[in-house]
Peer 1: 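Mind looking over this structure? Questions follow.
The first residue of the sequence shown is numbered 1, and numbering continues consecutively from there. Computed from a predicted structure; not experimentally measured.
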Amino acid sequence: MLGFDDLLNELNSLSKKYSTLIVGIDGCGASGKSIFTRSIAQQGLNITVVEMDDFYLPSDSRPSNEAILTTYGEQYDWKRLYEQVLKSLSQNRAARYQKYDWNLDALTEFYTVSVGGIVIVEGVYSTRRELSHLYDFRIWVQCPYDLRLTRGIARDEVIIAESEAIARQDENPREMWEKIWMPQEHRYIKAEEPYKKAHLIVDGSGTIAHDPSSQFISLPQIEFQ
């Protein structure tokens with residue numbers, strides 16, 4: 001069990017070696033990445049968070065569900081993340097990118113990420129092989145399948161119920177998770193084994209007793225199941 005202070009000290013030490021320390025936090029859907037990322041960002045360092053969900057493709061540019069049954073991560077515009085954020089920051093240039101609005105199903109506001117401090121890119125597929133080399137520190141959040149499925153369905157049911165987008169209200173969360181999202185993520189794990197490239201593996205299950213405000217559970221290298 002490690003404290004956030006230990007991780008922050010490590011990140012702070014690394015940040016002195018780079019103009020901008022770029023951190024990738026990857027893991028399957030509903031594994032606990034967002035909560036873990038927020039916990040880090042709230043600890044007081046100069047941290048900017050960029051979410052992989054901001055790079056979701058609008059429906060008119062997105063592959064159909066049938067077309068993605070043999071691929072992984074193709075709903076996300078990782079090339080735009082590469083060009084607008086990771087490449088720019090790695091070359092000591094400010095990043096400027098548009099966020100995807102899930103209710104409007106469109107790219108909307110532009111955001112700027114200045115050079116300096118720590119930038120965390122959080123989300124599934126964030127450390128895929130085309131992007132992995134641009135991160136200075138990589139974290140994988142691990143969580144069992146059944147717990148992720150339960151969390152994901154519950155979360156999406158709330159999101160859909162509150163959504164202003166009529167198209168989203170027709171979605172079936174369980175079907176999307178069991179037939180689309182989770183099989184895609186399994187193909188990603190099998191093809192790339194991103195957890196093996198991680199500098200740190202974190203337990204996102206929340207089943208091990210600890211103080212979530214000051215501690216997290218660090219896991220040894222794992223074999224994904």
Peer 1: Are V119 and V23 packed together at the side-chain level, in the sense that at least one heavy-atom pair is separated by less than 4.5 angstrom?
Peer 2: no
Peer 1: Over 60° means perpendicular and under 30° means parallel, so classify the ring planes of F4 and F216, tilted if in between.
Peer 2: tilted
Peer 1: I'd like to check I139 versus F36 (side-chain heavy atoms, cut-off strictly below 4.5 Å). Are they in contact?
Peer 2: yes
Peer 1: Can you say whether the rings of F55 and Y97 are parallel (under 30°), tilted (30 to 60°) or perpendicular (over 60°)?
Peer 2: parallel
Peer 1: Do you know which two heavy atoms are closest between G32 and V141, and how far apart they sit?
Peer 2: C-CG1, 4.1 Å
Peer 1: So among D156, I159, V158, L149, which one has a side chain to side chain contact (heavy atoms under 4.5 Å, CB included) with P173?
Peer 2: D156
Peer 1: Just one of K179, E74, Q75 clears the side-chain hydrogen bond (donor to acceptor under 3.5 Å, both in side chains) bar with Q184, so which one?
Peer 2: Q75
Peer 1: Contact between E10 and L14 at the side-chain level, heavy atoms closer than 4.5 Å - yes or no?
Peer 2: yes
Peer 1: Do W181 and V124 come close enough that some side-chain heavy atom pair is under 4.5 Å?
Peer 2: no
Peer 1: If you define the side chain from C-beta out and look only at heavy atoms, does anything of W78 sit under 4.5 Å from R128?
Peer 2: yes
Peer 1: F110 ring centre to R96 NZ or CZ under 6.0 Å, with the angle to the axis within 45°?
Peer 2: yes
Peer 1: Ignoring hydrogens and angles, tell me if any N or O in the side chain of Q98 forms a donor-acceptor pair with the backbone of T108 under 3.5 Å.
Peer 2: yes
Peer 1: Using atom types as modelled and distance alone, determine if a side-chain donor or acceptor of T37 lies under 3.5 Å from a backbone N or O of K33.
Peer 2: yes
Peer 1: Any non-hydrogen side-chain atom of S126 less than 4.5 Å from a side-chain atom of E122?
Peer 2: no
Peer 1: Quick check for you: to the nearest 0.5 Å, what is the distance between L7 atom CG and S39 atom OG?
Peer 2: 10.5 Å
Peer 1: If the plane angle is over 60° it's perpendicular, under 30° parallel, otherwise tilted; pick one for W140 and Y188.
Peer 2: tilted
Peer 1: Quick check against the 3.5 Å criterion: does R148 have a side-chain atom that pairs as donor or acceptor with the backbone of S31?
Peer 2: no
Peer 1: More than 12 foreign heavy atoms under 6.0 Å from CD1 of I180: is that the case here?
Peer 2: yes
Peer 1: List the atom of Y82, the atom of E130, and the distance in Å for their closest heavy-atom pair.
Peer 2: CD1-O, 4.3 Å
Peer 1: Just by modelled atom types, is the K197 backbone N or O under 3.5 Å from a matching donor or acceptor in the R138 side chain?
Peer 2: yes
Peer 1: Main chain of G116, side chain of T20: is a donor-acceptor contact present, judged purely on distance under 3.5 Å?
Peer 2: yes
Peer 1: Is the closest side-chain heavy-atom distance between L11 and L21 below 4.5 Å?
Peer 2: yes
Peer 1: Under the 3.5 angstrom rule, does the side chain of T150 hit a backbone N or O of D146 as a donor-acceptor pair?
Peer 2: yes
Peer 1: Verify side chain to side chain donor-acceptor pair (under 3.5 Å) between Y100 and D77, making sure each step is shown before the conclusion.
Peer 2: CA-CA 10 Å; Y100 173 75; D77 194 349; over 6 Å; no
Peer 1: So does W102 get a backbone contact from the side chain of D105, meaning a donor-acceptor N/O pair under 3.5 Å?
Peer 2: no
Peer 1: For E51, is there an ion pair with K99 - N to carboxylate O distance below 4.0 angstrom?
Peer 2: no
Peer 1: When rounded to the nearest 0.5 angstrom, what is the spacing between NE2 in H186 and SG in C28?
Peer 2: 9.5 Å
Peer 1: When rounded to the nearest 0.5 angstrom, what is the spacing between CZ in R155 and CD1 in I160?
Peer 2: 11.0 Å
Peer 1: Taking all non-hydrogen atoms of both residues into account, name the closest pair between I22 and S90 and its distance.
Peer 2: CD1-N, 4.0 Å
Peer 1: Report yes if some heavy atom in the side chain of L107 is under 4.5 Å from a heavy atom in the side chain of P58; otherwise report no.
Peer 2: yes
Peer 1: If you compare all heavy atoms of V115 against all heavy atoms of A94, which two are closest, and at what distance to 0.1 Å?
Peer 2: CG2-N, 3.5 Å
Peer 1: Over all heavy atoms of both residues, which pair between S15 and I118 is shortest? Give the atoms and the distance, please.
Peer 2: CB-CG1, 4.2 Å
